[in-house]
Protein chains: 2
Amino acid sequence: MNTDPIKRSLEAGGLRCTPQRYAVMAFLREHEGHPTAAEIFEAVNRRCYSGKDPRSSRATTYNNLRDLVEAGLVREVAVEGRAARFDAKGLRNHHFICDRCGKVEDVEWYDVPRPRSGSLGKRVLRECELIFRGLCAKCAARRSS
Amino acid sequence: MNTDPIKRSLEAGGLRCTPQRYAVMAFLREHEGHPTAAEIFEAVNRRCYSGKDPRSSRATTYNNLRDLVEAGLVREVAVEGRAARFDAKGLRNHHFICDRCGKVEDVEWYDVPRPRSGSLGKRVLRECELIFRGLCAKCAARRSS
DNA sequence: GTGTCAAATTAGACATAATCTAATTTATTG
DNA sequence: CAATAAATTAGATTATGTCTAATTTGACAC
Ligand SMILES: [Mn+2]
Ligand SMILES: [Mn+2]
Ligand SMILES: [Zn+2]
Ligand SMILES: [Zn+2]
């Protein structure tokens with residue numbers, strides 16, 4: 001019993017498994033992209049991800065995203081002047097953010113050298129990510145034509 | 001004539017030198033931190049940075065920040081769930097963002113390896129930044145006490 | 001200096017993204 | 001099942017950023 005990986009990951013993160021929370025995780029795991037909170041909210045209220053009723057209020061969608069980020073199950077990517085985007089933390093990857101359309105795409109992971117010791121002082125480093133900026137393939141094509 | 005470095009940088013970026021725009025640049029260059037648009041707006045309306053009247057509307061502050069970012073004179077740092085922060089692009093540096101208080105701090109620059117060719121596909125790379133996350137010195141001290 | 005005009009500024013309305021509140025419901029444990 | 005802390009909810013509220021249309025101005029030509 002309890003073979004459902006989503007349920008297990010929620011419990012491991014100290015979070016109750018509710019239909020609303022389950023639906024957020026299920027949606028993020030089924031979608032390679034990086035949806036916004038608004039997109040997740042809409043999707044969860046459109047389709048059934050949990051077997052039970054997945055309807056969820058806006059506040060709950062935001063609450064759950066916050067809780068999931070705190071539990072380390074979801075990553076939040078801030079994009080200038082636009083709504084934050086989310087992904088289920090699966091394989092590690094870097095991110096490419098399009099200047100023009102704001103889309104967030106995964107870039108194959110590779111190790112990044114840490115700053116030389118002393119350069120961080122008394123700060124406590126948790127993670128280190130690389131952000132690439134420029135034009136996504138679609139916007140680059142549109143630009144050059 | 002025209003020895004003022006701010007004035008020269010604005011002209012180099014194809015932007016007129018207005019008191020409001022000058023004041024934004026002057027404030028950013030005098031402040032090592034990474035202020036938000038709201039902080040810049042307030043500061044510019046409090047102190048005199050240009051010799052002339054630096055009063056600026058909120059719209060103008062945002063317009064100028066956008067123009068300065070486009071001209072490559074200012075960098076914008078997006079922070080999850082918080083207002084964007086800005087710095088005058090001077091020496092290159094990486095950024096450390098505090099999980100707890102959202103403060104953005106500079107980290108000494110060092111070269112970062114590019115992704116292996118092919119990994120970016122048809123995307124057009126403009127820049128590449130390294131973001132460190134964790135607790136700033138102040139928040140780390142507060143946490144452990 | 002004066003005239004010209006695209007660029008910039010402005011106040012305030014508007015839009016969007018995210019959070020808060022307080023009442024209600026529910027998942028989990030015993 | 002009962003108890004209860006956690007989660008959900010609708011809707012108000014706050015925070016951040018953008019837009020509009022009227023006005024002013026910086027840069028340049030003369
Ligand atoms: Mn991703
Ligand atoms: Mn900086
Ligand atoms: Zn794009
Ligand atoms: Zn901090």
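Predicted model, so just to flag it, every value in this text is computed and none were measured. Note on naming: letters A, B, ... go to the chains in the order of the sequence lines (proteins, then strands), and numbering restarts at 1 for each one.
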**Asked** Can you tell me how far C1' of C:dA7 sits from CD of B:E11, to the nearest Å?
**Response** 14 Å
**Asked** Does A:S57 put a side-chain nitrogen or oxygen below 4.0 Å from OP1 or OP2 of D:dG11?
**Response** no
**Item:** For atom CG of B:L65 and atom C1' of C:dT9, their distance in whole Å
**Value:** 15 Å
**Prompt:** How long is the line joining CZ of A:R55 and C1' of C:dT25, in whole Å?
**Reply:** 17 Å
**Asked** Starting at CD of B:E70 and ending at C1' of D:dT18, how long is that distance when rounded to a whole Å?
**Response** 14 Å
**Atom-to-atom span, CD1 of A:I40 to C1' of C:dA17 - whole angstrom** = 13 Å
**Complete:** Assign each of A:F86 and B:R21 the nucleotide of DNA chain C bearing its closest heavy atom; nearer the 5' end lies the nucleotide of B:R21
**Request:** Could you state whether B:L15 and B:L28 fall into the same hydrophobic cluster, counting links through intermediate Ile, Leu, Val, Met, Phe, Trp or Tyr residues with side-chain heavy atoms under 4.5 angstrom apart?
**Result:** yes
**Request:** Using whole Å, report how far CG of A:L68 lies from P of D:dA7.
**Result:** 10 Å
**Request:** Spell out, as yes or no, whether a donor-acceptor pair under 3.5 Å connects the side chain of A:Y22 to the backbone of A:L10.
**Result:** no
**B:S56, nearest nucleotide to its side chain (from D:dA7, C:dA18, C:dT10)** = C:dT10
**Message:** I want to confirm an ordering. Mapping B:L15 and B:G81 to their closest nucleotides on DNA chain D, which one lands closer to the 5' end?
**Reply:** B:G81
**Request:** Identify which nucleotide among D:dG26, D:dT8, C:dA18 has an atom closest to any side-chain atom of A:T60, counting heavy atoms from C-beta outward.
**Result:** D:dT8
**Message:** By nearest atom, which of the nucleotides C:dT9, C:dA18, C:dT10 is closest to the A:A84 side chain?
**Reply:** C:dA18
**Message:** When you measure from the side-chain N and O atoms of A:Y62 to the phosphate of C:dA18, is any distance below 4.0 Å, counting only OP1 and OP2?
**Reply:** yes
**Phosphate OP1/OP2 of C:dT26 contacted by A:Q20 side-chain N/O (<4.0 Å)** = no
**Prompt:** How is B:D67 classified with respect to the nucleic acid when contacts are heavy atoms under 4.0 Å: base, sugar-phosphate, or nothing?
**Reply:** nothing
**Request:** Can you tell me the distance, in whole Å, between the CG atom of B:N64 and the P atom of D:dG17?
**Result:** 15 Å
**Message:** What I want to check is whether an N or O donor and acceptor connect the side chain of A:R58 with the base of C:dA18 at under 3.5 Å.
**Reply:** yes
**Asked** Out of A:R75, A:R92, A:R29, which one pairs with A:D87 under the salt bridge (charged side-chain N to carboxylate O under 4.0 Å, His left out) rule?
**Response** A:R75
**Request:** Under 4.0 Å between any heavy atoms, over every strand shown, what does B:A83 touch: base, sugar-phosphate, or nothing? Just pick one.
**Result:** sugar-phosphate
**Request:** Identify which nucleotide among C:dT10, C:dA8, D:dA7 has an atom closest to any side-chain atom of A:R16, counting heavy atoms from C-beta outward.
**Result:** D:dA7
**Item:** Over 12 foreign heavy atoms within 6.0 Å of CD, A:E127
**Value:** yes
**Item:** Among D:dA5, D:dG17, C:dT9, the one nearest B:N63 by side-chain distance
**Value:** C:dT9
**Request:** Pick base, sugar-phosphate or nothing for B:A38, based on heavy-atom distances below 4.0 Å to the nucleic acid.
**Result:** nothing
**Any side-chain donor near an acceptor of the partner, A:D106 and A:H34, under 3.5 Å** = yes
**Request:** Flag yes if A:W109 and A:I131 sit in one hydrophobic cluster, no otherwise; membership is Ile, Leu, Val, Met, Phe, Trp, Tyr, and two members link when side-chain heavy atoms are under 4.5 Å apart.
**Result:** no
**Prompt:** Taking atom C1' of C:dA17 as reference, at what distance in whole Å does atom CD of B:E80 sit?
**Reply:** 15 Å
